[in-house]
Amino acid sequence: MLGFFLSKQKKGQSVTKLISVFKWMIGWFKPNRNQISSFVLGGLAVTAFAPFEFSPIILLSLGGLFALWLGENTAKQSAKTGFWFGLGLFGFGTSWLFSSIYIYADVFLPIAIFLTLAFIIYLSLFTALAGWLAAKFRHKPLLAVILGFPAIWVLMELLRGSVFGGYPFLLSGNSHLHTWLDGYAPVFGVWGVSLAVAMSAGILVALLKYKQWLSASFLLGFVWLGGAGLQQIQWVQPAGDKVDVALMQGNIPQEEKWLADKFIPTLKTYITQTKLNLDADVIVWPETAVPAYYSIVEKGALHSFIKDVQLLDKDVLLGVIDDKNDSDEYFNALINVGNPEDRYHKQHLVPFSEYFPFDDALKFLTGLFDIPYATFSAGTEKGQVLNLGGQPAGVSICFETAFGEELANRLPQAKYMVTVSNDAWFAYTFEPAQQLQDVQMRALELGREFARATNTGHTAIIGVDGRIKQKIEPYEENVLRGKVQPYEGMTPYAQWQRLPIAFVLILIFAVLFLGLQRVKNRPE
């Protein structure tokens, strides 16, 4: 009888704990006035990124967030304010995920909504953690807003870009391409630009809230003029003749891509485009332009085409699925059919789209997504380059262009970069323009020109200054014909990757620690 009573009591305690946890979770979704303001600021920040590119907005948004953090009384409230900023930023800025899940992966509507919200909440946890950490520095408000909050913000961007494979979307540094601040990119990567942006926002708060007119203006000038000065340094030099490239844009709708009756018309589109541009040094088809195994099409539908390419000794880079005869593995690949030994297997796969993390535990999720070839294997050849157009080229596929330190492994061997994508998954959303902005930042960081071929857009050639040299309109069947300049030399970021920004953040936190110690040791 006593055992039964104790068992009932334990069950009652468990239920009480579950109710408490549920109430705690609900509490996070009951915003106060500050948190509503934070949500609006996060939503407005999206307009600083592509396709809008109104860069000053991010300064106002982050400055507003930092001011709100200064006014919070507890670490919990500060974390909630950060969380709601994230909901605004990622809720609007990564809403494109719903399009791919619901429209093209054919997931049941309530599940598609749940998965999209779960992803947004996950990303917002990093801004919540930033808020919680920010509360630790409130006792030294000027130091906190100028150094502490910006350093914490960038630390969370670094963490978000690393955990579980990384989701480095909407990094604040991307918003300031083509301003003086992008001079920090070749030295510190996008993270350095993020830090300069966040510090500028914090300095503006110091200027307006604490009336530090002289010192704040000096610091703001130092940050911006420092970036402008770095822009004057030529980190890399042209190397050899330009490479004539032809970038195919087939504009095959995603809903037709995998249909059997559209397979031959799709191939005909790309073959026709290729034949009209056979005088180019390098011809590039987009990611999985051939929606089938290479081992099958090389003996069947593309057999004659491949033989002709090899006879003409042309470099034609196909986006295709590469399988291994002796295993069940298959790869999202780029294969130079002019020399089929030259092939690249995508190394950084997209979670829940190209592979499922913790496959044994989450294998049941594969049934929710109607995605052909949803369990790719990752390539393993780090730093691989292909000889294209007589020059060594670094290659990458889609999501990989979000990770500068991974592309840096292709240098110094790679003299220029080729990347492909199939943004039809996110057609008519913000994502294609955001991914092009990622590629622009990579060109600036690494000091290499990029040739980018996509199925539906944005197909472009990007210079080492991160600016678009040539581009064709998205959502049109077309070919971008242009010249890519090879470069040699290494930017500091390409050589050291995250080490410079890590050193700066450690230095900032050391200053903050010493500042807080002085506050604690000050006599009452």
Side-chain angles (χ1 to χ4, degrees), residues 29 31 34-69 80-102 113 115-131 149-150 153-154 156-157 160-161 166-179 181-182 190-191 193-198 200-202 204 399 401-402 423 425-441 457-458 466 474:
F29 292 94
N34 276 4
Q35 287 142 23
I36 292 172
S37 299
S38 184
F39 176 78
V40 173
L41 289 169
L44 285 174
V46 176
T47 62
F49 300 91
F52 308 102
E53 299 185 29
F54 189 49
S55 57
I57 285 291
I58 195 74
L59 300 177
L60 301 176
S61 295
L62 281 180
L65 175 64
F66 294 169
L68 290 172
W69 277 344
K80 287 182 69 173
T81 298
F83 178 72
W84 277 92
F85 185 92
L87 289 181
L89 176 64
F90 301 115
F92 291 103
T94 64
S95 57
W96 38 259
L97 183 66
F98 176 79
S99 171
S100 65
I101 292 176
Y102 178 61
I113 293 171
L115 291 174
T116 304
L117 288 175
F119 181 68
I120 291 166
I121 290 169
Y122 167 73
L123 296 181
S124 300
L125 291 177
F126 291 94
T127 53
L129 180 56
F149 296 174
W153 181 260
V154 175
M156 289 303 105
E157 285 195 341
R160 177 162 58 86
Y167 294 97
F169 303 130
L170 300 174
L171 299 178
S172 48
N174 280 346
S175 69
H176 272 256
L177 274 166
H178 319 320
T179 72
L181 297 186
D182 76 11
V190 65
W191 322 107
V193 188
S194 288
L195 183 61
V197 168
S200 298
L204 289 175
F399 187 49
T401 56
D423 288 340
W425 283 103
F426 310 100
Y428 302 101
T429 69
F430 299 159
E431 194 274 347
Q434 289 175 7
Q435 191 175 103
L436 176 62
Q437 197 172 51
D438 280 339
V439 179
Q440 291 176 262
M441 181 58 75
H458 300 272

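What you see is a predicted model; the values in this text were computed from it and never measured.
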Are the side chains of F119 and F98 in touch, meaning some heavy atoms are under 4.5 Å apart?
no
Which residues pass the side chain to side chain contact (heavy atoms under 4.5 Å, CB included) test with I36, not counting sequence neighbours?
P31
Nearest 0.5 Å please: distance from the CH2 atom of W84 over to the CG atom of L89.
14.5 Å
Can you list, pair by pair, the side-chain donor-acceptor contacts under 3.5 Å of residues 120-128, counting residues two or more places apart and other chains?
from, atom 1, to, atom 2, distance (Å)
S124, OG, G86, O, 3.3
S124, OG, L87, N, 3.1
S124, OG, I120, O, 2.8
T127, OG1, G82, O, 2.8
T127, OG1, S124, O, 2.7

Closest approach of L68 and S37, non-hydrogen atoms and distance?
CD1-CB, 4.3 Å
I need the L117 CG to F90 CZ distance, nearest 0.5 Å.
14.5 Å
Suppose we screen for side chain to side chain donor-acceptor pair (under 3.5 Å). Which residues come up paired with Q440, at least two apart in sequence or across chains?
H178
State which residues pass side chain to side chain contact (heavy atoms under 4.5 Å, CB included) with F430; sequence neighbours excluded, sorted by chain then number.
V46, P51, F52, W96, Q434
Yes or no on side-chain contact (heavy atoms from CB on, under 4.5 Å) for W191 and L171, after CA distance, side-chain angles and deciding distance?
CA-CA 8 Å; W191 322 107; L171 299 178; 3.7 Å; yes
Between E431 and F426 (side chain of the first, backbone of the second, donor and acceptor by atom type, cut-off under 3.5 Å), is there such a pair?
no
D182: partners by salt bridge (charged side-chain N to carboxylate O under 4.0 Å, His left out), with sequence neighbours left out
none
Would you mind writing out the side-chain donor-acceptor pairs for residues 53-67 within the sub-3.5 Å range, not counting sequence neighbours?
from, atom 1, to, atom 2, distance (Å)
S61, OG, L41, O, 3.0
S61, OG, I57, O, 3.1

Any chance you could measure M156, atom CE, to R160, atom CZ, to the nearest 0.5 Å?
10.5 Å
Answer yes or no: is there a donor N or O on one side and an acceptor on the other, between the side chain of S38 and the main chain of T81, under 3.5 Å?
yes
Drop me the distance from L436's CG to D423's CG, to the nearest 0.5 angstrom.
9.0 Å
Between the CD atom in Q435 and the OG1 atom in T401, the distance rounded to the nearest 0.5 Å is 4.5 Å
With sequence neighbours left out, write down each residue that passes ring-ring contact (aromatic ring centres under 6.0 Å, His included) with H458, or none if nothing qualifies.
none
Just jot down the ring-ring contact (aromatic ring centres under 6.0 Å, His included) partners of W153, sequence neighbours excluded, or say none.
F85
Out of curiosity, F169 CZ to N174 CG, how far, rounded to the nearest 0.5 Å?
11.5 Å
Take the angle between the ring planes of W69 and F149 and call it parallel below 30°, perpendicular above 60°, tilted in between.
perpendicular
Under 3.5 Å, is there a donor-acceptor pair linking the side chains of E157 and S172?
yes
Residues F92 and G88: closest non-hydrogen pair is CD1-O, 3.1 Å
Over all heavy atoms of both residues, which pair between L44 and T47 is shortest? Give the atoms and the distance, please.
O-OG1, 2.7 Å
